[in-house]
Amino acid sequence: MPENLKVHEYKDRQEYVDIQVARSRKKFDYCKVYLRDILRYRELIAWDYYRDGRSRSLRTTWRPGRILCLGVRSGAENDLFRLGFFSPLMRLGPLAQLAVRLDSTNNAHDKIRLARRFGLGAGGRNDGRVLGVEINPDAARTDIHVGSFDELPADWTGRFDLLFTNSFDHSMDPARTVAEWKRVAAPGAYAIVAFSLGQEQSDHDPVAGLSFQALSDLWGAPVVFATDLYNRNGYREICFRLE
Ligand SMILES: C[S@@+](CC[C@H](N)C(=O)[O-])C[C@H]1O[C@@H](n2cnc3c(N)ncnc32)[C@H](O)[C@@H]1O
(Lines give C-alpha, C1' and ligand atoms only; values in the text may rest on other atoms or scores of the structure.)
Protein backbone atom coordinates (compact mmCIF):
# COMPACT_ATOMS: atom_id res chain seq x y z
CA MET A 1 0.00 0.00 0.00
CA PRO A 2 1.31 3.50 -0.78
CA GLU A 3 2.93 5.08 2.27
CA ASN A 4 0.71 8.15 2.64
CA LEU A 5 -2.57 6.36 2.25
CA LYS A 6 -4.53 5.94 5.48
CA VAL A 7 -7.58 3.72 5.80
CA HIS A 8 -10.11 3.86 8.62
CA GLU A 9 -10.44 0.60 10.55
CA TYR A 10 -13.96 -0.74 11.07
CA LYS A 11 -15.08 -3.17 13.75
CA ASP A 12 -16.22 -5.48 10.95
CA ARG A 13 -17.58 -5.49 7.41
CA GLN A 14 -21.15 -4.95 8.57
CA GLU A 15 -20.20 -1.72 10.33
CA TYR A 16 -18.62 -0.47 7.09
CA VAL A 17 -21.69 -1.35 5.03
CA ASP A 18 -24.12 0.20 7.55
CA ILE A 19 -22.21 3.49 7.68
CA GLN A 20 -21.94 3.72 3.88
CA VAL A 21 -25.65 3.02 3.39
CA ALA A 22 -26.72 5.54 6.05
CA ARG A 23 -24.51 8.24 4.52
CA SER A 24 -25.71 7.51 0.98
CA ARG A 25 -29.33 7.78 2.12
CA LYS A 26 -28.68 11.19 3.62
CA LYS A 27 -27.32 12.56 0.34
CA PHE A 28 -29.36 10.50 -2.07
CA ASP A 29 -30.56 13.41 -4.21
CA TYR A 30 -27.07 14.68 -4.99
CA CYS A 31 -24.91 13.83 -7.96
CA LYS A 32 -21.44 15.30 -8.27
CA VAL A 33 -20.82 14.20 -11.86
CA TYR A 34 -21.24 16.70 -14.70
CA LEU A 35 -21.76 16.16 -18.43
CA ARG A 36 -19.02 18.67 -19.21
CA ASP A 37 -16.43 16.39 -17.59
CA ILE A 38 -17.77 13.28 -19.30
CA LEU A 39 -17.47 14.90 -22.74
CA ARG A 40 -13.92 15.90 -21.86
CA TYR A 41 -13.11 12.29 -20.90
CA ARG A 42 -14.54 11.20 -24.24
CA GLU A 43 -12.22 13.55 -26.12
CA LEU A 44 -9.10 12.75 -24.09
CA ILE A 45 -9.57 9.02 -24.40
CA ALA A 46 -10.18 9.31 -28.16
CA TRP A 47 -6.87 11.11 -28.41
CA ASP A 48 -5.06 8.41 -26.43
CA TYR A 49 -6.64 5.73 -28.57
CA TYR A 50 -5.31 7.44 -31.69
CA ARG A 51 -1.88 8.11 -30.20
CA ASP A 52 -1.65 4.48 -29.20
CA GLY A 53 -2.16 3.47 -32.83
CA ARG A 54 -5.53 1.85 -32.14
CA SER A 55 -7.43 4.11 -34.53
CA ARG A 56 -6.17 5.42 -37.85
CA SER A 57 -7.80 8.81 -37.66
CA LEU A 58 -8.20 11.27 -34.85
CA ARG A 59 -11.74 11.82 -36.10
CA THR A 60 -12.63 8.18 -35.40
CA THR A 61 -14.43 8.44 -32.13
CA TRP A 62 -13.68 5.92 -29.43
CA ARG A 63 -16.83 4.23 -28.24
CA PRO A 64 -16.69 1.90 -25.26
CA GLY A 65 -18.70 -1.32 -25.47
CA ARG A 66 -19.68 -1.17 -21.81
CA ILE A 67 -19.17 1.44 -19.10
CA LEU A 68 -19.12 0.74 -15.36
CA CYS A 69 -19.63 3.50 -12.76
CA LEU A 70 -18.74 2.59 -9.19
CA GLY A 71 -20.51 4.11 -6.17
CA VAL A 72 -23.36 5.82 -8.04
CA ARG A 73 -25.89 6.68 -5.31
CA SER A 74 -29.22 7.23 -7.21
CA GLY A 75 -27.58 6.46 -10.56
CA ALA A 76 -27.83 9.86 -12.28
CA GLU A 77 -24.25 9.49 -13.49
CA ASN A 78 -25.22 6.34 -15.41
CA ASP A 79 -27.64 8.48 -17.41
CA LEU A 80 -25.03 11.18 -17.99
CA PHE A 81 -22.41 8.66 -19.17
CA ARG A 82 -24.99 7.10 -21.51
CA LEU A 83 -25.77 10.56 -22.85
CA GLY A 84 -22.14 11.64 -23.21
CA PHE A 85 -20.78 8.50 -24.85
CA PHE A 86 -23.72 7.10 -26.79
CA SER A 87 -26.02 9.94 -27.85
CA PRO A 88 -25.45 11.05 -31.45
CA LEU A 89 -26.72 14.48 -30.39
CA MET A 90 -23.70 14.92 -28.14
CA ARG A 91 -21.51 14.75 -31.27
CA LEU A 92 -23.11 17.99 -32.47
CA GLY A 93 -21.16 20.89 -30.95
CA PRO A 94 -23.97 23.40 -30.35
CA LEU A 95 -26.30 20.80 -28.84
CA ALA A 96 -23.56 19.42 -26.61
CA GLN A 97 -22.76 22.95 -25.48
CA LEU A 98 -26.39 23.62 -24.68
CA ALA A 99 -26.69 20.40 -22.66
CA VAL A 100 -23.48 21.25 -20.78
CA ARG A 101 -24.86 24.69 -19.95
CA LEU A 102 -28.13 23.24 -18.69
CA ASP A 103 -26.31 20.72 -16.47
CA SER A 104 -25.80 23.38 -13.87
CA THR A 105 -26.76 21.88 -10.49
CA ASN A 106 -25.75 18.89 -8.40
CA ASN A 107 -29.36 17.73 -8.16
CA ALA A 108 -29.64 14.13 -9.39
CA HIS A 109 -33.23 14.56 -10.62
CA ASP A 110 -32.24 17.53 -12.82
CA LYS A 111 -29.47 15.43 -14.36
CA ILE A 112 -31.77 12.50 -15.02
CA ARG A 113 -34.26 14.85 -16.72
CA LEU A 114 -31.51 16.44 -18.79
CA ALA A 115 -30.26 13.03 -19.95
CA ARG A 116 -33.79 12.10 -20.97
CA ARG A 117 -34.26 15.35 -22.86
CA PHE A 118 -31.04 15.11 -24.89
CA GLY A 119 -30.67 11.33 -24.94
CA LEU A 120 -32.23 10.58 -28.31
CA GLY A 121 -30.47 7.52 -29.74
CA ALA A 122 -28.37 7.00 -26.62
CA GLY A 123 -30.05 3.72 -25.67
CA GLY A 124 -31.79 2.95 -22.41
CA ARG A 125 -31.26 1.57 -18.94
CA ASN A 126 -31.94 -1.99 -20.08
CA ASP A 127 -29.41 -2.23 -22.88
CA GLY A 128 -26.51 -3.13 -20.56
CA ARG A 129 -24.11 -0.56 -22.00
CA VAL A 130 -23.85 1.51 -18.81
CA LEU A 131 -24.00 -0.15 -15.42
CA GLY A 132 -23.59 1.27 -11.95
CA VAL A 133 -22.65 -0.35 -8.66
CA GLU A 134 -24.02 0.95 -5.37
CA ILE A 135 -23.99 -0.46 -1.86
CA ASN A 136 -27.18 1.41 -0.88
CA PRO A 137 -30.16 -0.87 -1.63
CA ASP A 138 -32.37 2.18 -2.28
CA ALA A 139 -30.61 2.46 -5.64
CA ALA A 140 -33.22 0.28 -7.27
CA ARG A 141 -32.74 0.63 -11.02
CA THR A 142 -32.27 -1.98 -13.72
CA ASP A 143 -28.87 -0.51 -14.59
CA ILE A 144 -27.56 -0.63 -11.00
CA HIS A 145 -26.06 -3.65 -9.35
CA VAL A 146 -26.68 -3.35 -5.62
CA GLY A 147 -23.61 -4.64 -3.84
CA SER A 148 -20.12 -3.69 -2.80
CA PHE A 149 -17.72 -2.55 -5.49
CA ASP A 150 -14.98 -4.73 -4.06
CA GLU A 151 -17.07 -7.90 -4.53
CA LEU A 152 -18.34 -7.74 -8.10
CA PRO A 153 -20.16 -10.59 -9.85
CA ALA A 154 -17.90 -13.46 -10.96
CA ASP A 155 -19.17 -13.33 -14.56
CA TRP A 156 -18.13 -9.68 -15.00
CA THR A 157 -14.48 -10.59 -15.63
CA GLY A 158 -13.07 -8.62 -18.58
CA ARG A 159 -16.41 -7.03 -19.36
CA PHE A 160 -15.99 -3.24 -19.22
CA ASP A 161 -14.11 -0.84 -21.51
CA LEU A 162 -14.46 2.22 -19.28
CA LEU A 163 -14.61 2.44 -15.49
CA PHE A 164 -15.43 5.64 -13.65
CA THR A 165 -15.59 6.48 -9.97
CA ASN A 166 -15.58 9.44 -7.65
CA SER A 167 -16.17 7.08 -4.70
CA PHE A 168 -12.76 5.44 -4.32
CA ASP A 169 -12.29 7.21 -0.98
CA HIS A 170 -15.18 5.05 0.30
CA SER A 171 -13.23 1.84 -0.19
CA MET A 172 -12.69 -0.35 2.85
CA ASP A 173 -9.57 -1.86 1.28
CA PRO A 174 -8.03 0.14 -1.61
CA ALA A 175 -5.71 -2.63 -2.87
CA ARG A 176 -8.53 -5.16 -2.96
CA THR A 177 -10.80 -2.63 -4.68
CA VAL A 178 -8.26 -1.90 -7.42
CA ALA A 179 -7.68 -5.63 -7.99
CA GLU A 180 -11.42 -6.17 -8.37
CA TRP A 181 -11.84 -3.26 -10.79
CA LYS A 182 -8.91 -4.51 -12.87
CA ARG A 183 -10.54 -7.93 -13.00
CA VAL A 184 -13.72 -6.59 -14.58
CA ALA A 185 -11.85 -4.33 -17.04
CA ALA A 186 -11.44 -5.53 -20.61
CA PRO A 187 -7.92 -5.51 -22.08
CA GLY A 188 -7.10 -1.93 -23.12
CA ALA A 189 -9.88 -0.49 -20.94
CA TYR A 190 -9.66 2.95 -19.37
CA ALA A 191 -10.25 3.68 -15.67
CA ILE A 192 -10.93 7.20 -14.40
CA VAL A 193 -10.70 8.03 -10.69
CA ALA A 194 -11.94 11.45 -9.55
CA PHE A 195 -10.94 12.30 -5.99
CA SER A 196 -10.56 15.13 -3.49
CA LEU A 197 -7.13 16.17 -2.32
CA GLY A 198 -6.39 16.57 1.37
CA GLN A 199 -9.54 14.86 2.54
CA GLU A 200 -9.76 14.03 6.24
CA GLN A 201 -10.19 10.43 7.21
CA SER A 202 -13.58 9.53 8.71
CA ASP A 203 -15.82 6.52 9.10
CA HIS A 204 -17.84 7.50 6.01
CA ASP A 205 -14.81 8.51 3.88
CA PRO A 206 -12.40 5.83 5.08
CA VAL A 207 -9.53 6.52 2.66
CA ALA A 208 -7.36 9.60 3.28
CA GLY A 209 -4.13 10.66 1.57
CA LEU A 210 -5.24 10.09 -2.03
CA SER A 211 -2.93 11.77 -4.53
CA PHE A 212 -1.88 11.23 -8.14
CA GLN A 213 1.21 9.42 -6.88
CA ALA A 214 -0.64 7.19 -4.42
CA LEU A 215 -3.21 6.20 -7.05
CA SER A 216 -0.55 5.64 -9.67
CA ASP A 217 1.36 3.37 -7.25
CA LEU A 218 -1.81 1.48 -6.40
CA TRP A 219 -2.93 0.95 -9.98
CA GLY A 220 0.52 0.35 -11.50
CA ALA A 221 -0.81 1.21 -14.97
CA PRO A 222 0.09 3.82 -17.62
CA VAL A 223 -1.46 7.22 -16.95
CA VAL A 224 -3.47 8.71 -19.81
CA PHE A 225 -4.12 12.03 -18.11
CA ALA A 226 -3.98 13.52 -14.63
CA THR A 227 -5.50 16.92 -13.96
CA ASP A 228 -6.32 19.11 -11.01
CA LEU A 229 -7.81 22.04 -12.89
CA TYR A 230 -10.84 21.23 -14.94
CA ASN A 231 -13.37 19.19 -12.99
CA ARG A 232 -16.68 21.00 -12.51
CA ASN A 233 -16.92 19.71 -8.95
CA GLY A 234 -13.31 20.49 -8.07
CA TYR A 235 -12.07 16.89 -8.14
CA ARG A 236 -8.60 15.80 -9.15
CA GLU A 237 -8.82 13.20 -11.91
CA ILE A 238 -6.48 10.47 -13.03
CA CYS A 239 -7.07 8.11 -15.92
CA PHE A 240 -5.27 4.80 -16.45
CA ARG A 241 -5.02 2.54 -19.47
CA LEU A 242 -5.28 -1.08 -18.38
CA GLU A 243 -3.31 -3.55 -20.47
C1 LIG B 1 -19.41 10.34 -2.54
S2 LIG B 1 -20.82 9.36 -2.94
C3 LIG B 1 -20.73 9.58 -4.68
C4 LIG B 1 -22.01 9.31 -5.36
C5 LIG B 1 -22.07 9.69 -6.82
N6 LIG B 1 -21.05 9.08 -7.59
C7 LIG B 1 -22.08 11.18 -7.00
O8 LIG B 1 -21.27 11.71 -7.72
O9 LIG B 1 -22.91 11.85 -6.40
C10 LIG B 1 -20.26 7.71 -2.66
C11 LIG B 1 -21.26 6.62 -2.99
O12 LIG B 1 -20.56 5.37 -3.00
C13 LIG B 1 -21.33 4.40 -2.32
N14 LIG B 1 -20.44 3.36 -1.78
C15 LIG B 1 -19.64 3.45 -0.70
N16 LIG B 1 -18.96 2.31 -0.52
C17 LIG B 1 -19.35 1.48 -1.53
C18 LIG B 1 -19.01 0.16 -1.88
N19 LIG B 1 -18.13 -0.55 -1.16
N20 LIG B 1 -19.59 -0.39 -2.95
C21 LIG B 1 -20.50 0.31 -3.68
N22 LIG B 1 -20.86 1.57 -3.39
C23 LIG B 1 -20.29 2.16 -2.33
C24 LIG B 1 -22.03 5.19 -1.24
O25 LIG B 1 -23.15 4.49 -0.77
C26 LIG B 1 -22.37 6.49 -1.97
O27 LIG B 1 -23.61 6.41 -2.58
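Both counts, for ligands and for their atoms, begin at 1 and track the order of listing.
- For the ring-ring contact (aromatic ring centres under 6.0 Å, His included) with Phe168, the lone residue among Phe149, Tyr235, Trp181 that qualifies is Trp181.
- Arg63 forms no cation-pi arrangement with Phe86, by the criterion of a distance under 6.0 Å to the ring centre and an angle within 45° of the ring axis.
- Counting only N and O atoms by type, the side chains of Asn136 and Gln20 include no donor and acceptor under 3.5 Å apart.
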Apply side chain to side chain donor-acceptor pair (under 3.5 Å) to residues Ser148 and Arg13 and explain how you reach the verdict. CA-CA 11 Å; Ser148 184; Arg13 179 85 171 168; 3.1 Å; yes
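- Side chain to side chain, Tyr41 and Glu237 meet the donor-acceptor criterion of an N or O pair below 3.5 Å.
- For Gly71, a nitrogen or oxygen atom sits less than 3.5 Å from a nitrogen or oxygen atom of ligand 1, counting backbone and side chain alike.
- At the shortest separation from atom 15 (C) of ligand 1 among protein heavy atoms lies Gln20 OE1, 3.2 Å.
- The nearest heavy-atom contact from the protein to atom 7 (C) of ligand 1 is Lys32 N, 3.4 Å.
- For atom 9 (O) of ligand 1, the closest heavy atom belonging to the protein is Arg73 NH2, 2.8 Å.
- A donor-acceptor pair shorter than 3.5 Å can be found between the side chains of Gln213 and Asp217.
- With 3.5 Å as the limit, one finds no donor-acceptor pair spanning the side chains of Arg236 and Ser211.
- Among the atoms of Glu77, some N or O lies under 3.5 angstrom from an N or O of ligand 1.
- Using modelled atom types, one finds no donor on one side chain facing an acceptor on the other under 3.5 Å when comparing Ser24 with Arg73.
- Of the protein's non-hydrogen atoms, Phe149 N, 2.8 Å is the one closest to atom 20 (N) of ligand 1.
- For ligand 1, the atoms closer than 4.0 angstrom to any heavy atom of Gly147 are 20 (N), 21 (C).
- When non-hydrogen atoms are compared, ligand 1 lies under 4.0 Å from the side chain of Ser167 (C-beta onward) but not from its backbone.
- Polar contact check, Ile135 against ligand 1: a nitrogen or oxygen pair lies under 3.5 Å apart.
- Looking at Tyr16 against ligand 1, only its side chain comes within 4.0 Å, counting heavy atoms.
- Nearest to atom 8 (O) of ligand 1 among the protein's heavy atoms is Asn166 ND2, 2.8 Å.
- Scanning the protein heavy atoms around atom 1 (C) of ligand 1, the nearest turns out to be His170 NE2, 3.3 Å.
- Between Asn136 and ligand 1, no N or O atom pair is found at a separation short of 3.5 Å.
- In this structure, the ring of Phe212 has its center less than 6.0 angstrom from the ring center of Phe195.
- Taking the ring axis of Tyr16 as reference, the NZ or CZ atom of Lys11 does not stay both within 45° of it and closer than 6.0 Å to the ring centre.
- Those atoms of ligand 1 that come under 4.0 Å of a heavy atom in Val33, given as number and element, are 8 (O).
- Remark: minimum distance from atom 24 (C) of ligand 1 to any protein heavy atom is reached at Glu134 OE2, 3.5 Å.
- Among the atoms of Val133, none of the N or O lies under 3.5 angstrom from an N or O of ligand 1.
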